[in-house]
Number of protein chains: 2
Amino acid sequence: MSTEAKVPLSSTPSEVAAPEGHANPEERILAVAYELFSRRGVRDVGVNELIERSGVAKATFYRHFPSKDSLVLAFLEQRDKLWTVEAIVTQARRRGKTPVERLLAIFDVLGEWFQREDFEGSTFIHVLLEMGPSHPLGQASIDYLAKLRGHVQTMAEEAGLVSPDEFARSWQILMKGSMISATGGDLQAARRAQRMAGWLIEHHTASPEVRGADSNAGVAASDK
Amino acid sequence: MSTEAKVPLSSTPSEVAAPEGHANPEERILAVAYELFSRRGVRDVGVNELIERSGVAKATFYRHFPSKDSLVLAFLEQRDKLWTVEAIVTQARRRGKTPVERLLAIFDVLGEWFQREDFEGSTFIHVLLEMGPSHPLGQASIDYLAKLRGHVQTMAEEAGLVSPDEFARSWQILMKGSMISATGGDLQAARRAQRMAGWLIEHHTASPEVRGADSNAGVAASDK
DNA sequence: CCGGGGAGACAGACCGGTCTTCCTCCCTGT
DNA sequence: ACAGGGAGGAAGACCGGTCTGTCTCCCCGG
């Protein structure tokens with residue numbers, strides 16, 4: 001058996017995930033769940049549909065996942081690994097030569113993602129709003145969003161930016177806002193966010209001399 | 001029909017836990033719906049609960065609202081009026097002296113809203129993600145978000161900013177992003193967004209002196 | 001023999017929505 | 001002045017459907 005790359009973002013040629021390729025039921029269930037949860041949210045997909053589309057018996061489902069929520073938890077973990085890390089962070093790192101370029105490349109990746117017609121919106125934001133911040137699944141989503149913010153903060157530190165935490169939190173506002181706007185139909189949201197992201201970088205750049213003053217400085221800084 | 005100023009003396013014997021002040025059932029239902037939908041989203045609140053908490057009969061409910069969706073539609077309209085317009089736009093206009101101050105005051109209002117412990121998150125974003133962009137209620141949410149963006153654009157024009165449409169779309173990315181971050185627990189999200197909003201204003205300010213030119217973003221490494 | 005897996009009936013709760021029953025107010029015709 | 005009737009509201013049974021989760025039955029391979 002070929003080891004098979006794990007379906008990064010699309011892969012599956014056409015329709016919903018098929019049992020093909022995954023021998024054991026657990027992988028089949030998780031693959032189907034990934035597909036359906038990503039596209040329609042966790043509340044909209046019932047256990048019966050998951051079971052039907054993964055060609056598995058109900059008892060088998062509940063033997064591997066004691067509850068639907070535990071499957072959702074596994075799905076979120078998978079989403080973090082395949083989407084946040086592999087599709088976003090790793091991709092962005094690969095594209096830029098300098099640390100700053102790598103940061104800005106995040107919005108290039110997001111922009112391409114927004115253009116895709118199977119763009120589903122952000123899973124973690126979706127689940128967070130669906131379940132609420134106090135629900136365990138909402139909390140898990142918050143945690144994964146914080147994990148993503150940690151990646152941004154690391155990249156900011158690599159770029160030598162000041163106040164990496166403040167930077168990453170502001171950066172994430174831009175990411176979240178652009179994702180919501182893209183869900184609402186603004187396909188240029190990534191470009192707009194990227195423009196603001198540039199200004200954010202400028203204001204967190206430790207300049208050798210000038211720029212001691214706070215609020216806004218010139219904008220046409222060279223850089224780049 | 002048109003009479004309305006009648007006081008129900010000793011009528012309506014069952015006045016259990018219904019919202020005080022609202023005599024007619026339609027207002028009671030809408031008031032309860034506003035409360036529950038705002039706090040928990042529309043999917044989480046069923047018609048039975050609405051009926052029970054507004055002290056109304058089921059037939060009465062369906063006489064005034066032919067379906068749950070039509071009530072949600074009425075709720076969204078109410079939300080636009082009470083929240084978007086009265087709580088945000090009017091408040092922000094009242095606070096600032098100059099057009100630019102009025103724009104920035106939006107994030108002051110948002111910041112205070114985030115601090116409230118009954119902060120519920122943004123209704124329109126919530127409904128949009130709950131129902132999806134293609135559902136009529138999701139579409140309505142998109143429309144109301146566009147209406148809010150129109151207010152921002154108007155304020156931008158009053159401030160004499162260039163590219164008011166581009167400005168308003170970028171501005172809304174900051175608003176949406178800060179609301180999601182606030183839902184996730186970042187109570188400083190409004191402050192951070194406001195900082196970026198200040199830079200956005202600068203870059204849309206048509207300064208007679210320097211900075212004319214096409215400005216461009218001049219920072220990103222993309223432009224694909 | 002035994003355990004995992006497929007198929008599916010079933011339970012119990014809840015969903016949006018319809019309809020029936022009764023009661024009370026208010027308008028109107030004589 | 002007063003009886004009658006229509007309208008609106010309260011209470012709630014009911015319907016078909018969906019939800020998560022349990023349990024039974026049978027098969028098949030090691």
Side-chain angles (χ1 to χ4, degrees), chain A residues 18-33 36-37 40-75 127 130-132 135-137, chain B residues 1-33 36-37 40-75 127 130-132 135-138:
Chain A
E20 317 285 333
H22 298 292
N24 51 329
E26 187 166 336
E27 281 182 19
R28 285 209 312 264
I29 295 168
L30 196 50
V32 169
L36 297 185
F37 284 161
R40 289 161 38 197
V42 297
R43 274 198 144 175
D44 213 53
V45 182
V47 176
N48 290 318
E49 185 176 359
L50 290 165
I51 283 164
E52 194 181 339
R53 298 179 87 141
S54 53
V56 119
K58 208 160 193 179
T60 305
F61 176 95
Y62 278 101
R63 187 177 302 125
H64 291 283
F65 301 98
S67 68
K68 183 190 174 183
D69 280 9
S70 76
L71 172 63
V72 176
L73 235 34
F75 156 67
V127 174
E130 263 184 323
M131 313 305 294
H135 189 284
L137 295 179
Chain B
M1 284 273 199
S2 58
T3 58
E4 213 169 52
K6 50 187 118 162
V7 178
L9 295 174
S10 61
S11 63
T12 57
S14 61
E15 203 148 339
V16 271
E20 57 285 348
H22 298 293
N24 53 329
E26 187 165 337
E27 282 181 20
R28 285 209 311 265
I29 295 169
L30 197 49
V32 170
L36 297 186
F37 284 160
R40 288 161 40 196
V42 297
R43 275 198 144 177
D44 214 50
V45 182
V47 286
N48 290 316
E49 184 176 358
L50 290 165
I51 284 163
E52 193 182 342
R53 307 203 34 174
S54 53
V56 115
K58 208 160 190 179
T60 305
F61 177 95
Y62 278 102
R63 188 177 302 123
H64 291 283
F65 302 97
S67 67
K68 182 190 174 183
D69 280 9
S70 77
L71 172 63
V72 176
L73 236 33
F75 156 68
V127 174
E130 263 185 321
M131 314 304 296
H135 189 285
L137 295 179

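Within every chain, numbering begins at 1; the chains are lettered A, B, ... in the order of the sequence lines, protein sequences first and strands thereafter.
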I would like to know whether B:L50 and B:F37 meet side chain to side chain contact (heavy atoms under 4.5 Å, CB included); could you show each step before the answer? CA-CA 10 Å; B:L50 290 165; B:F37 284 160; 3.9 Å; yes
Taken to the nearest whole Å, CG/A:L50 to P/D:dT20 is 8 Å
Side-chain atoms of B:R63 come closest, of D:dG9, C:dG5, D:dT22, to D:dG9
Between A:A59 and A:V42, whichever has its closest DNA chain D nucleotide further toward 5' is A:V42
Among C:dG6, D:dT20, C:dT18, the one nearest any side-chain atom of A:Y62 is D:dT20
Contacts of A:R43 and B:H64 projected onto DNA chain D by closest heavy atom; the upstream (5') one is B:H64
Of D:dA10, D:dT22, C:dC15, the nucleotide closest to the side chain of B:N48 is C:dC15
To the nearest angstrom, the CZ-C1' distance between A:F61 and D:dC19 comes to 13 Å
(Q) Under 4.0 Å between a side-chain nitrogen and a carboxylate oxygen: does that hold for B:E49 and B:R40? (A) yes
Rounded to whole Å, CD1 of B:I51 lies from P of D:dG9 at a distance of 13 Å
From CG of A:N24 across to C1' of C:dG6 the rounded distance in Å is 16 Å
From NZ of B:K58 across to P of C:dG16 the rounded distance in Å is 8 Å
When rounded to whole Å, the CZ to P distance for the pair B:F65 and D:dG9 reads 12 Å
To the nearest angstrom, the CG-C1' distance between A:D44 and D:dT20 comes to 15 Å
Which of C:dG5, C:dC10, C:dG16 is nearest the side chain of B:K68? It is C:dG16
Winner on side-chain proximity to A:A57, out of D:dG21, C:dA7, D:dA10, is C:dA7
DNA chain C nearest-nucleotide lookup for B:E49 and A:T60: closer to the 5′ end is A:T60
| query | With a 4.5 Å limit on heavy-atom distance, are the side chains of A:V47 and A:E52 in contact? | reply | no
message = Is it the case that the side chain of A:E130 and the backbone of A:V42 share a donor-acceptor pair, with hydrogens and angles ignored and the cut-off at 3.5 Å?
response = yes
> Is a side-chain N or O of A:R28 found less than 3.5 angstrom from the main chain of A:G55, in a donor-acceptor match?
Replying inline: yes
* Asked: So does A:R28 get a side-chain nitrogen or oxygen closer than 4.0 Å to the phosphate oxygens (OP1/OP2) of C:dG5?
  -> no
note: B:L137, atom CG; C:dG16, atom C1'; distance rounded to Å ~ 14 Å
